[in-house]
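Taking it in order: structure first as structure tokens, then the write-up.
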Amino acid sequence: MKTQYLMAMVLLFAGWCYGVPAVEADSEVEALPKGFVYLADHVPSIVIDLRYYTENNFLGCRVDGYVNPRCIITRDAAESLKGVQEELKPFGLGLKVFDAYRPQRAVNHFVRWAKDLGDTAKKQGYYPRVKKENLFKDGYIASRSGHTRGSTVDLTIISLETSDQGHELDMGSPFDFFGPESWPDNPRMSSSQRAHRLLLRMFMEKHGFKPYAKEWWHFTLKKEPFPDTYFDFPIR
């Protein structure tokens with residue numbers, strides 16, 4: 001027993017002196033799948049407001065899979081966003097991202113919420129004129145999402161005149177508002193709102209993204225690297 005105790009102390013001392021790596025318990029450090037990056041590392045100047053990590057969303061709670069407030073996206077999409085950001089910079093403008101890669105477990109959470117017709121706590125702020133039972137039929141909620149493939153992004157343009165966090169340009173409706181007000185071609189917009197939406201769309205399309213007909217903030221990279229793969233790794 002004394003010999004075993006002595007050997008254990010020697011090994012412990014050797015590890016302390018010579019840098020033998022210790023085993024970390026419950027480590028949350030995980031490598032991203034090949035082809036994915038953290039957007040803040042790749043394009044540090046982009047402002048990130050990851051809504052599904054917070055309670056500030058249409059569910060009113062943090063969404064499954066959003067373990068840390070870090071924005072993950074494919075490298076190809078990040079490169080394209082970098083191009084948009086660089087073109088906006090000379091005008092005192094920039095991008096704010098609300099969501100990018102979204103785990104399948106988060107989409108499943110959306111589906112469970114949509115089927116719970118009794119939960120309408122956030123109706124007034126997000127879908128005041130849409131019946132919750134119609135969210136699937138109207139295309140606002142689905143069991144599969146382009147976000148889960150990693151190259152779809154929800155975002156807006158901000159003015160950086162007052163601070164690094166900026167303030168959002170008036171797009172005519174808030175992010176994740178379910179209704180015709182959020183359709184990119186909604187005819188009831190003011191001229192300035194229409195101009196802001198067109199500005200966002202113009203730069204996003206120029207850098208390889210395609211828009212979605214019911215959400216002015218939603219764009220998918222045309223040449224996405226994983227067009228048929230729906231990922232489910234958590235956001236850490």
Looking at [X] and [Y], what are the two nearest heavy atoms and their distance?
{"X": "A77", "Y": "S151", "value": "CB-CA, 4.1 Å"}
{"X": "P234", "Y": "V67", "value": "CB-CG2, 4.1 Å"}
{"X": "V153", "Y": "F209", "value": "CG1-CE2, 4.1 Å"}
{"X": "I73", "Y": "A78", "value": "CG2-CB, 3.7 Å"}
{"X": "G166", "Y": "I158", "value": "CA-CD1, 4.4 Å"}
{"X": "L93", "Y": "I157", "value": "CB-CG2, 4.1 Å"}

Any donor-acceptor pair under 3.5 Å linking the side chain of [X] with the backbone of [Y]?
{"X": "D170", "Y": "Q193", "result": "no"}
{"X": "K123", "Y": "V130", "result": "yes"}
{"X": "R75", "Y": "G35", "result": "no"}
{"X": "S80", "Y": "H207", "result": "yes"}
{"X": "K206", "Y": "G83", "result": "no"}

Is a side-chain donor-acceptor pair under 3.5 Å present for [Y] with [X]?
{"X": "N134", "Y": "Y127", "value": "no"}
{"X": "Y212", "Y": "D154", "value": "no"}
{"X": "Y230", "Y": "R149", "value": "yes"}

Between [X] and [Y], is any pair of side-chain heavy atoms under 4.5 Å apart?
{"X": "D99", "Y": "Y66", "value": "yes"}
{"X": "I72", "Y": "F233", "value": "yes"}
{"X": "V47", "Y": "E168", "value": "no"}
{"X": "V63", "Y": "R102", "value": "no"}
{"X": "D176", "Y": "W217", "value": "yes"}
{"X": "L169", "Y": "L200", "value": "no"}
{"X": "L221", "Y": "K210", "value": "no"}

Do other residues, nucleotides or ligands put more than 12 heavy atoms under 6.0 Å from the CD atom of E133?
yes

Check the surroundings of atom NZ in K115: do more than 12 heavy atoms from other residues, nucleotides or ligands lie under 6.0 Å from it?
no

Considering the options V37, L39, I235, which one meets the side-chain contact (heavy atoms from CB on, under 4.5 Å) requirement together with C71?
L39

With the 4.5 Å side-chain cut-off for hydrophobic clustering, are [X] and [Y] part of the same group?
{"X": "L198", "Y": "F175", "value": "no"}
{"X": "Y38", "Y": "I46", "value": "yes"}
{"X": "F226", "Y": "V107", "value": "no"}
{"X": "Y101", "Y": "V111", "value": "yes"}
{"X": "L160", "Y": "F98", "value": "no"}

Answer yes or no for K132 and W113: cation-pi contact, defined as NZ/CZ to six-membered ring centre under 6.0 Å and angle to ring axis within 45°.
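Satisfied, under 6.0 Å and within 45°.
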
Pick from K82, Q85, E86: which one makes a side-chain hydrogen bond (donor to acceptor under 3.5 Å, both in side chains) with S45?
Q85

I would like to know whether R70 and D41 meet side chain to side chain contact (heavy atoms under 4.5 Å, CB included); could you show each step before the answer?
CA-CA 10 Å; R70 306 187 71 183; D41 294 339; 3.8 Å; yes

I'd like to check the ring pair (Phe, Tyr, Trp, His ring centres under 6.0 Å) partners of H147; sequence neighbours left out, ordered by chain and number.
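Result, ring pair (Phe, Tyr, Trp, His ring centres under 6.0 Å) vs H147: H218.
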
Mind checking what makes ring pair (Phe, Tyr, Trp, His ring centres under 6.0 Å) contact with Y126, not counting sequence neighbours?
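For Y126, no residue satisfies ring pair (Phe, Tyr, Trp, His ring centres under 6.0 Å) once neighbours in sequence are set aside.
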
So how far is it from [X] [atom1] to [Y] [atom2], rounded to the nearest 0.5 Å?
{"X": "L95", "Y": "I48", "atom1": "CG", "atom2": "CD1", "result": "11.0 Å"}
{"X": "T54", "Y": "D49", "atom1": "OG1", "atom2": "CG", "result": "7.0 Å"}
{"X": "F231", "Y": "T74", "atom1": "CZ", "atom2": "OG1", "result": "9.0 Å"}
{"X": "T229", "Y": "Q104", "atom1": "OG1", "atom2": "CD", "result": "12.0 Å"}

Contacts of R112 that satisfy salt bridge (Lys or Arg N to Asp or Glu O under 4.0 Å) - sequence neighbours left out:
D64

List the steps and the verdict of side chain to side chain contact (heavy atoms under 4.5 Å, CB included) for Q165 and K96.
CA-CA 8 Å; Q165 295 300 305; K96 174 187 279 191; 5.9 Å; no

Under 6.0 Å between ring centres, would you say that holds for F58 and F110?
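Distance test on ring centres: under 6.0 Å, yes.
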
Side chain to side chain contact (heavy atoms under 4.5 Å, CB included) for W216 and T156? Distances and angles first, verdict last.
CA-CA 9 Å; W216 60 258; T156 190; 3.5 Å; yes

Side chains of residues 178-185: which donor-acceptor pairs under 3.5 Å do they make with residues two or more places apart or in other chains?
{"from": "E181", "atom 1": "OE2", "to": "R129", "atom 2": "NE", "distance (Å)": "3.3"}
{"from": "E181", "atom 1": "OE2", "to": "R129", "atom 2": "NH2", "distance (Å)": "2.6"}
{"from": "S182", "atom 1": "OG", "to": "S173", "atom 2": "OG", "distance (Å)": "2.9"}
{"from": "S182", "atom 1": "OG", "to": "F177", "atom 2": "O", "distance (Å)": "2.7"}
{"from": "W183", "atom 1": "NE1", "to": "Y140", "atom 2": "OH", "distance (Å)": "3.3"}

Partners passing side-chain contact (heavy atoms from CB on, under 4.5 Å) against D116 (at least two apart in sequence or in another chain)
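D116 satisfies side-chain contact (heavy atoms from CB on, under 4.5 Å) with D119 only.
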
Please report the C-alpha distance between F219 and T152 in whole Å, then the side-chain angles of each, then the deciding distance to 0.1 Å, and finally whether the side chain to side chain contact (heavy atoms under 4.5 Å, CB included) criterion is met.
CA-CA 6 Å; F219 295 87; T152 293; over 6 Å; no

Can you tell me which residue pairs pass the ring pair (Phe, Tyr, Trp, His ring centres under 6.0 Å) test with a partner in residues 73-96, sequence neighbours excluded?
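Every candidate ring pair (Phe, Tyr, Trp, His ring centres under 6.0 Å) pair involving residues 73-96 fails, so no pair, neighbours aside, qualifies.
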
